[in-house]
Protein chains: 2
Amino acid sequence: MLSYKERFKYFLKERDLKYTPEREEIIEAIVKLQKHFDAEDIYQQLRKQKSDVSLATVYRTIPLLVDSGLIMETLHCREKVLYEKIYNKRRHDHMVCINCGKIIEFYNEDVEKLQDEICHKYQFVATEHRLGIKGYCKECQDKLNIKVTHSKKEKN
Amino acid sequence: MLSYKERFKYFLKERDLKYTPEREEIIEAIVKLQKHFDAEDIYQQLRKQKSDVSLATVYRTIPLLVDSGLIMETLHCREKVLYEKIYNKRRHDHMVCINCGKIIEFYNEDVEKLQDEICHKYQFVATEHRLGIKGYCKECQDKLNIKVTHSKKEKN
DNA sequence: ATATTATTGAGAATGATACTCAATTACATC
DNA sequence: GATGTAATTGAGTATCATTCTCAATAATAT
């Protein structure tokens, strides 16, 4: 398994694109970022590294990072696109607490099986899926005094 | 089951908000809209109805429509939020063709079961979920000569 | 070393959505 | 039906993330 830098360099070469210092610094930045991040987070991390790659270049580089399989768009939150590193990580889905904003990652084998089943039925070839569950995390349930009533909708 | 208008009127009254002609015209517009739509689509439908509700009012009304359970945010496409009517409809998920953009709706009971299971494990209380599958629809598979290899990732 | 072509930064442009504010209106109460 | 009050409206402006433009620079192949 190649390192992030090597993988990116290889990807660029494949497409006759150039491996510039700016692109290297961006790779260094995303490697350091944890969890979910947006373009601005990458830009701030670059500042921390004393790099002065422009925000425009960050935006220009994101599609390359996505195409090279290093990161992927995962969540839309408050009109922002969030990314996360996916190279060398197993895929997972998300639960988002609508009270505190906490993001919980989970992996479930059955989701993949279900996807296969559904795609087969509709003659669809999937390249990816995203399952997002919104609701309340344990802490917020306690805080807000929400009672657990599994998936039963309250009548109104 | 109340009509869209009655449901909205009731919702507004509950909150001491006013049922204005503009809001009524917006309701009439969304009732006529099919499938997935955005704020601009509502605005255009209003124009067709010879209503001159402003776009600002459309944006202001959308959260009310969401809170009243008449529509819901369903997909993010090209940085736009898409909505769809959900009142009196059973919930479903989506497959989106990344070639032609076609949206296929599907309902699968097991998705709900899976959600319960996952939420139970993580002590999470779900209010909603969204499963989106991206890939290629039948027509585009044929057009692009894509072979079906269910969910096996090609090695690279 | 040179030529070619991609890349960069800066700033302007875009486009969806939100805000501001004065004028208007819905509705509860009289 | 008239009145008061708070909600609502349209128009225009503001915001904010993202994309584009363009001239200057730099990475690679030869």
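Per chain, numbering begins at 1; letters A, B, ... match sequence-line order. Please read all numbers here as calculations on a predicted model, not as lab measurements.
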*asked:* On DNA chain C, does the nearest nucleotide to B/Lys13 precede the nearest nucleotide to A/Leu17 from the 5' side, or the other way round? Give the residue.
replied: A/Leu17
*5'-most contact on DNA chain C: A/Leu12 or B/Ala56, nearest heavy atom basis?*
A/Leu12
*Within residues 36-54 of chain A, find the residues that approach DNA chain D with a heavy atom at under 4.0 Å, and present them sorted by residue number.*
A/Ala39
_Given the ring of A/Tyr107, does A/Arg90 sit roughly above its face, with NZ or CZ under 6.0 Å from the centre of the six-membered ring and within 45° of the axis?_
yes
*asked:* Check for me whether B/Arg15 meets the cation-pi criterion with B/Phe11, that is, NZ or CZ under 6.0 Å from the six-membered ring centre and within 45 degrees of the ring axis.
replied: no
*Identify whether any heavy atom of A/Arg60 sits under 4.0 Å from a base atom; if not, whether one sits that close to sugar-phosphate; answer base, sugar-phosphate or nothing.*
base
*Among C/dT17, D/dA11, D/dA27, the one nearest B/Val81 by side-chain distance*: C/dT17
*If you take all heavy atoms of B/Ile27 and B/Phe8, which pair is closest and at what distance?*
CG1-CD2, 3.4 Å
*asked:* So for B/Lys18 and D/dA6, does any side-chain atom that can act as donor or acceptor lie under 3.5 Å from a complementary atom in the base?
replied: yes
_Looking at A/Asp38, is its backbone amide N or carbonyl O close enough to the side chain of A/Asp41 to form a donor-acceptor pair, meaning the two atoms are under 3.5 Å apart?_
yes
*asked:* Any salt bridge linking A/Glu25 with A/Arg23? Criterion: basic side-chain nitrogen under 4.0 Å from a carboxylate oxygen.
replied: no
*Output yes when at least one side-chain N/O atom of B/Tyr59 is less than 4.0 Å from OP1 or OP2 of C/dA18, else no.*
no
_Counting only side-chain nitrogens and oxygens, does A/Thr20 get under 4.0 Å of the OP1 or OP2 atom of C/dT8?_
yes
